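Here the structure comes first, spelled out in structure tokens, and everything after it is commentary.
Here the structure is a predicted model, which means the values were calculated and not measured.
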Amino acid sequence: MSVKRFGVSLDEELLEALDSYVLDNRFASRSQAIRHLIEKNLVDEKWKCDNVVAGAVVLVFGIQKKDIIKKSVEIQLKYSEFILSVQGFYLNELNYLEIIAVKGPSKILTEVSEELISIKGIQHGKLVMSKAE
């Protein structure tokens with residue numbers, strides 16, 4: 001893919017905000033930050049339009065609550081055509097991290113994530129989506 005250059009004019013306040021964004025997110029340049037923001041916007045638009053996207057549902061929960069894994073598996077089976085892979089990691093002797101890779105219409109993936117995140121005992125849950133093409 002070839003790179004094209006172009007000039008951008010910004011108000012000083014907006015430029016300062018961009019520079020802060022570059023520093024806060026450790027981008028190598030303003031160009032990299034702008035590319036990231038454009039890509040993020042494109043993903044968000046695809047998400048809103050119910051296009052096919054890929055992503056991950058990240059769950060953190062206490063390992064002492066055995067029902068959580070059972071309920072998570074039930075939900076994953078219900079939506080099995082959209083589940084690509086599941087990985088689990090023990091964070092320590094009390095907490096478990098489960099990452100569920102998903103691909104499908106954004107509306108369905110949102111449903112999947114909401115069902116998973118709403119399982120009683122989930123300490124933290126988040127859906128992260130990206131473009132699939």
Side-chain angles (χ1 to χ4, degrees):
M1 178 185 308
S2 66
V3 176
K4 304 284 184 182
R5 296 186 185 273
F6 68 99
V8 177
S9 299
L10 297 174
D11 294 333
E12 189 172 334
E13 187 175 301
L14 195 54
L15 182 59
E16 288 174 9
L18 176 61
D19 287 340
S20 291
Y21 185 76
V22 169
L23 290 173
D24 293 346
N25 292 280
R26 297 187 173 129
F27 288 112
S29 65
R30 290 175 178 162
S31 293
Q32 187 181 23
I34 291 169
R35 278 192 298 275
H36 170 78
L37 290 169
I38 291 169
E39 287 285 336
K40 182 180 182 312
N41 185 61
L42 292 173
V43 169
D44 290 347
E45 289 302 313
K46 286 185 178 213
W47 191 349
K48 289 177 193 172
C49 295
D50 202 30
N51 289 351
V52 173
V53 295
V57 181
V58 180
L59 305 171
V60 176
F61 54 90
I63 59 173
Q64 67 278 13
K65 305 206 177 180
K66 302 296 182 198
D67 285 350
I68 295 174
I69 292 176
K70 182 181 177 220
K71 289 177 184 174
S72 177
V73 169
E74 288 172 2
I75 294 167
Q76 291 170 42
L77 288 172
K78 178 179 169 183
Y79 293 101
S80 62
E81 66 187 283
F82 306 107
I83 307 294
L84 300 174
S85 174
V86 180
Q87 284 190 301
F89 305 91
Y90 290 95
L91 298 174
N92 54 38
E93 60 276 354
L94 299 175
N95 294 302
Y96 193 74
L97 169 71
E98 187 170 69
I99 302 169
I100 304 165
V102 292
K103 180 181 176 189
S106 60
K107 183 178 178 185
I108 300 291
L109 300 188
T110 301
E111 283 178 27
V112 173
S113 69
E114 287 173 352
E115 284 193 43
L116 288 164
I117 292 167
S118 68
I119 296 171
K120 185 177 180 181
I122 296 292
Q123 297 168 359
H124 176 77
K126 184 169 184 159
L127 170 62
V128 180
M129 283 200 258
S130 184
K131 62 184 180 179
E133 311 81 53

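Cluster membership check: Val128 does not share its hydrophobic cluster with Val53, using side-chain heavy-atom separations under 4.5 Å among Ile, Leu, Val, Met, Phe, Trp and Tyr.
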Per-pair distances, 0.1 Å, donor-acceptor, side chain in residues 69-76, under 3.5 Å, sequence neighbours excluded:
unit_1	atom_1	unit_2	atom_2	d
Ser72	OG	Gln76	NE2	2.7
Ser72	OG	Glu98	OE1	2.8
Gln76	NE2	Ser72	O	3.4

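Residue Phe89 shares its hydrophobic cluster (ILVMFWY side chains chained together at separations under 4.5 Å) with Val58, Val60, Leu91, Leu97, Ile99.
Evaluation of the ring pair (Phe, Tyr, Trp, His ring centres under 6.0 Å) test over residues 59-83, restricted to residues two or more places apart or in two chains, returns Phe61-Tyr96.
By the ring-ring contact (aromatic ring centres under 6.0 Å, His included) test, Phe27 pairs with Tyr21, His36, sequence neighbours left out. Here Ala101 pairs with Leu84, Ser85 under the side chain to side chain contact (heavy atoms under 4.5 Å, CB included) rule; sequence neighbours left out. For Ser31, the side chain to side chain contact (heavy atoms under 4.5 Å, CB included) test picks out Ser29, Arg35, with sequence neighbours left out.
When the options Leu59, Ile68, Asn95 are evaluated for a side-chain contact (heavy atoms from CB on, under 4.5 Å) with Gln123, the one that passes is Asn95.
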Output, in order, the C-alpha distance, side-chain angles, deciding distance and verdict of side-chain contact (heavy atoms from CB on, under 4.5 Å) for Leu18 and Ile34. CA-CA 8 Å; Leu18 176 61; Ile34 291 169; 4.1 Å; yes
Take Val52 and Lys103 through the side-chain contact (heavy atoms from CB on, under 4.5 Å) test and state the conclusion after the steps. CA-CA 7 Å; Val52 173; Lys103 180 181 176 189; 4.0 Å; yes
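Nearest heavy-atom pair, Ile122 versus Ile117, reported as atom, atom and distance to 0.1 Å: CB-O, 3.7 Å. Residue Gln32 comes nearest to Ala28 through the heavy atom pair OE1-N, 2.6 Å, listed as atom of the first residue, atom of the second, then distance. Shown here for Leu109 and Met129, the closest heavy-atom pair between the two residues is CD1-SD, 4.1 Å.
A donor-acceptor pair under 3.5 Å is absent between the side-chain atoms of Asp11 and the main chain of Glu13, judged by distance alone.
Counting heavy atoms from C-beta on, the side chains of Asp67 and Ile119 never come closer than 4.5 Å.
Here the CG atom belonging to Leu10 is positioned 8.0 Å from the CZ atom belonging to Arg30, to the nearest 0.5 angstrom.
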